[in-house]
Amino acid sequence: MLTSKQSDRALPTFISLLVIGVLLMTFDVRLEGGGVVGVLRSGTQAIVSPMQRIAAYAVNPIANALDSLSNVASLREQNAALSAQLAEAQAALVAVQDDKAKLTLLEQIYDLETDGAELGQTVANVIGSVDAALIIDKGTRNGVLTGQPVIDTNGYVIGTVKSASDGSATILPITASRDGLTVLVGSQTGTLVTRPFSSDLGLEMDLDVFDAREPVLVGDRVLTSAASTDYPAGLPVGEVIEDASPEATSLTTTVRPFVDPEALRFVVVLAWPPDPVSAATDDTIPEEATETTIADEATTTTTTPEDDG
Amino acid sequence: MRGRTALVIGLTVVIAVVIQTTLFGRLRVVTPDLVMLIGILLALTRVRTEAVLAVAFLSGLIMDLLGASLIGLRAVVYTTVAYIAIRTKERAELGRVTIALWAGLLTLLGVVLILLIGTLFGQAALVGEGAVSVMILVPLANVAVAALLAPTFVRLVDRDRTALRYP
């Protein structure tokens, strides 16, 4: 019976559940999130995600309103800073458009073929979060697979897909990952690692360069390296916020990621690494237009190789 | 009777999980841990202690499965908090305020345990973000929610309109 007089079997039950819990944790560590554990995660997400999606429709306006209220004091300063950033970005855009036009002209002159290997992209809404992990409303049905890299709409690195079910997926941001990220700062390769117990205000990570040849300076951009097995090369991750010089052959400095995962509303999942077979025969594979619906009725059309499915 | 109680508890857990992972997953300031609070408040009801522990364990497990942290981390912590709640509930049943403070203290214990066990299992980066503010805000929010909802929740589960009525 569920309700009755209090029995004194609480302690044995408690100990049994503790043992089961510790066993589960041990299994999870040993299996590294795969196997049965992965199936359990996917199954639970598949059950809960439809309810989360419905709740998100009701909750998002409330959350946005409360977020706005909490930010209202700093809105004027943010507005001025954003106006300045916009002016800079527009100037940079004009310069890039000039360069792009020159590049196109040169390609035509020299009859060069562009690579054209665009990565498949899936735009998804963030519908929730647990701890630092984000839950999105796209899953395996939309081509989102475990291990794929995730960026924001500006192309900045967010993290990777930790697990995916049919209609949702969990994203593990780089700021919450135990694994170091191989990055490039200038011409030097380093490892970006998280800082445990970081404060909400200072989203910072540690950069270790073990074969340092030159100093790194404030403002240096940190990009994903070709040596990384989790991300395509050249994606912007963050910027150095502390000067550092090599000591012996290594240096350590602090990096601020460009993306604050808590502030994200949309993310882009990249279909990477591309299937080696399909990548090699990319010209022969017809491309499939995938229509991705974003919240508030906005619609984006992305092109995905058929095999990425 | 049995089926209805189970249904009420099950629905409450599902609603709490959904609200926790959507609304309170988005907000930075108001962040109660509703799922943990259900385990705590169930200790005040006439539901059998084994069932309370099982509900706390399962609801923690669901949160683990939805997130990216170790499976079993929250299950163990919520179960521990529920067990301590069962053992200490007599001291809390003095009034609405004492129940709220008791729930807040147990929540603080739960948050500290999540950080501690998470760190031991190498999850510090995941569960330790904003650790100090989490240790302050989550218990405070749970104090407020418990003060508001504890009597209603207990009456609903026990189907007893006189439960937790204080002069």
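Every chain is numbered from 1 and lettered A, B, ... according to where its sequence line falls, protein lines coming before strand lines.
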Counting only heavy atoms closer than 4.5 Å, note whether [X] contacts chain A via side chain, backbone, both or neither.
| X | answer |
| --- | --- |
| Ile15(B) | neither |
| Phe57(B) | side chain |
| Val14(B) | side chain |
| Leu61(B) | side chain |

Let me see the working for Gln123(B) and Asp131(A) under side chain to side chain contact (heavy atoms under 4.5 Å, CB included), right down to the final yes or no. CA-CA 11 Å; Gln123(B) 303 283 304; Asp131(A) 294 327; over 6 Å; no
To the nearest 0.5 Å, what is the distance between OG on Ser42(A) and CG on Leu65(B)?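 Those atoms lie 10.0 Å apart.
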Asp64(B) side, atom CG; Arg41(A) side, atom CZ - distance, nearest 0.5 Å: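 So the gap between those two atoms works out to 7.5 Å.
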Option passing side-chain contact (heavy atoms from CB on, under 4.5 Å) with Phe14(A) (candidates Ile86(B), Thr80(B), Ile84(B)):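 So the option named by the test is Thr80(B).
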Taking the side chain as every heavy atom from C-beta outward, state whether Ile71(B) and Met25(A) have any atom pair closer than 4.5 Å.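 Ile71(B) vs Met25(A): side chains apart.
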Which heavy-atom pair separates [X] from [Y] by the least distance, and what is that distance?
| X | Y | value |
| --- | --- | --- |
| Val130(A) | Arg74(B) | CG1-NH1, 4.3 Å |
| Gly21(A) | Val76(B) | CA-CG2, 3.5 Å |
| Gly72(B) | Leu24(A) | CA-CB, 4.4 Å |

Within 6.0 Å of CZ in Phe121(B), more than 12 heavy atoms from elsewhere: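 Yes, because the 6.0 Å sphere around CZ of Phe121(B) holds more than 12 heavy atoms from other groups.
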Side chain, backbone, both or neither of [X] within contact of chain B (heavy atoms, under 4.5 Å):
| X | result |
| --- | --- |
| Ile135(A) | side chain |
| Thr170(A) | side chain |
| Leu11(A) | both |

Quick check for you: among Val18(B), Leu73(B), Leu53(B), which has the greatest number of heavy-atom pairs under 4.5 Å with chain A?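 The option with the most such pairs is Leu53(B).
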Chain A interface, residue from Ile117(B), Val77(B), Val52(B), Leu66(B) that has the most non-hydrogen pairs under 4.5 Å: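 Counting heavy-atom pairs under 4.5 Å, the top option is Leu66(B).
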Just to be sure I understand the criterion: a residue of residues 100-108 of chain B counts if one of its heavy atoms is under 4.5 Å from a heavy atom of chain A. Which ones qualify?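 Within residues 100-108 of chain B, no residue comes under 4.5 Å from chain A.
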I'd like to know if the side chain of Arg48(B) reaches the main chain of Ala10(A), judged simply by a donor and an acceptor atom lying under 3.5 Å from each other, with no hydrogens or angles considered.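 Between the backbone of Ala10(A) and the side chain of Arg48(B) there is no qualifying donor-acceptor contact (under 3.5 Å).
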